[in-house]
2 protein chains.
Amino acid sequence: MYEIFQKYIEEKAEFTPAESERIQSFAIIKKLRKRQYLLQEGDVWKYDAFITQGCVRTYTVDDKGSEHVNSFSIENWWTGDRESLMMQAPSRFNIDAIEDTELVLFTHENFELLCREIPSFNHMVNTILQRSFIAAQNRIQASLTLTAEEKYLNFISKYPGFASRIPQTMIASYLGMTPETLSRIRKQTAKK
Amino acid sequence: MYEIFQKYIEEKAEFTPAESERIQSFAIIKKLRKRQYLLQEGDVWKYDAFITQGCVRTYTVDDKGSEHVNSFSIENWWTGDRESLMMQAPSRFNIDAIEDTELVLFTHENFELLCREIPSFNHMVNTILQRSFIAAQNRIQASLTLTAEEKYLNFISKYPGFASRIPQTMIASYLGMTPETLSRIRKQTAKK
DNA sequence: TCAAACTCTTGATCTAGATCAAGTTTTTAC
DNA sequence: GTAAAAACTTGATCTAGATCAAGAGTTTGA
């Protein structure tokens, strides 16, 4: 499924055939079965990972054993733990597959090499990072200003399609509320 | 106060004298009096802004007129609205000075030019962006997992010194709680 | 320098959402 | 195909933190 990644980068920037080949030469294809881990808490994350098919979640587990979902990533998105990658430190996060998933991985050394060698690749990566940062800012803003119901409505309007493929329990966790609260909200909003 | 910025970039990367001069040639020095705006909601943000002295806050105002503080930035940090900058769209944020403040501004065109011309500048900017993203992720994680008291303790341990120069009302807003709640938490924790 | 306007504190009360509990439906795995 | 395990729903009750209110500092600006 490398073609999906190929198509993605060609939409974002221009590459010569030689550059495309260079990029592909570093790509590692990885498949995950549903529930399989991509990263476990305590391990150091070493890749830049792009999803070509499927869906993963990034979450932490607290002292009481409850899970807190930090993010979902589906096809045409990136995943991983940037903090662990950058600091070369053990990750606080777990990442596992919600569905059978296919990814394209690059070791971070190779990824940085590509950034240095290919200006348009570097520029693309930078743009993606900026967008990720903006999305994170918006999520913070939402968590400060919205009620539980507004958070849910905001979520489904921002990510239509997610609600149908991700269990409600996980969505509730992502939104910072209990599954019971989400269930009641859904009942409420369905009426309207 | 350009020297403070000079010192900052030299700690982050290596620059030839010609490069340093090139960077400085684009710098705009800006001073803000306490309460003065750097950016008002509805305006398009056009700069990359570094604080050499002082402190600003970034916040939104909701329909009911209440303010929600998104972030504080002090000397040796960057500020601005990346979303407005990137999309060239009116900002949802206000940025104003909590203290008399001095900044170094670059128009975004000049800033991008510097990124293209000077690889170490580009690399530095990229690193900063990555760190900002990581910080945003951590803030999301904290907002999902911590109680009000834990959020406050986390804040003062992460940003010692902030508590003494920023009004409590604003800190409460940043942490997503009311000033009354923060006041009570401070009373509680002072005892221990 | 002094009144007006903020800022912080403390108490009383309220409420959105959490927790606990139990039943129902859906998914999974052999 | 079916039993066990998850996932979801619904109701009853509880609680962290919000809201409302009022007094005590502190800052500010003419």
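Computed from a predicted model, the values in this text were never measured in an experiment.
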Query raised in the report: Any side-chain heavy-atom pair from B:Phe111 and B:Phe26 closer than 4.5 angstrom?
Result: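 Heavy-atom side-chain distance check fails, nothing below 4.5 Å.
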Measuring from the side chain of [X] (C-beta onward, heavy atoms only), which nucleotide among [options] has the closest atom?
X	options	result
B:Glu180	C:dT10, D:dT28, C:dG17	C:dT10
B:Thr181	D:dG17, C:dT10, C:dC20	D:dG17
B:Arg35	D:dT28, D:dG17, D:dA7	D:dT28
B:Pro167	C:dC8, D:dC8, C:dG17	C:dC8
B:Ser183	C:dA18, D:dT19, C:dT9	C:dT9
A:Arg184	C:dG11, D:dC8, C:dT19	C:dT19

Mind calculating the distance between [atom1] ([X]) and [atom2] ([N]) to the nearest angstrom?
X	N	atom1	atom2	value
A:Gln168	D:dT10	CD	C1'	13 Å
A:Lys187	D:dG11	NZ	C1'	10 Å
B:Lys34	D:dG29	NZ	P	8 Å
A:Leu144	D:dA18	CG	P	12 Å
A:His68	C:dA18	NE2	C1'	13 Å
A:Arg57	D:dA7	CZ	C1'	13 Å
B:Glu149	D:dA16	CD	C1'	12 Å
A:Leu182	D:dT9	CG	P	8 Å

Report task. Indicate whether OP1 or OP2 belonging to C:dG17 is found under 4.0 Å from a side-chain N or O atom of A:Thr178. Result ->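 Answer no for this pair, as no side-chain N or O of A:Thr178 is under 4.0 Å from OP1 or OP2.
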Requested in this report: Indicate whether any N or O donor in one side chain lies under 3.5 Å from an N or O acceptor in the other, for B:Lys46 and B:Gln88.
Outcome: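 Distance-only check passes for B:Lys46 and B:Gln88.
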Query raised in the report: Where do B:Tyr174 and B:Tyr152 land on the ring-ring contact (aromatic ring centres under 6.0 Å, His included) test, with the steps shown first?
Result: CA-CA 10 Å; B:Tyr174 173 85; B:Tyr152 174 67; over 10 Å; no
Requested in this report: Using a 4.0 Å heavy-atom cut-off across all strands, classify A:Thr169 as base, sugar-phosphate, or nothing.
Outcome: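 Contact class for A:Thr169: sugar-phosphate only.
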Query raised in the report: So which heavy atom on A:Asn70 is nearest to which on B:Gln137, and how close?
Result: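 Minimum heavy-atom separation between A:Asn70 and B:Gln137: OD1-NE2, 2.6 Å.
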**Report entry** A:Thr145 to A:Gln141 - nearest heavy-atom pair and separation
**Finding:**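 Smallest heavy-atom distance, with atoms named: OG1-O, 2.9 Å.
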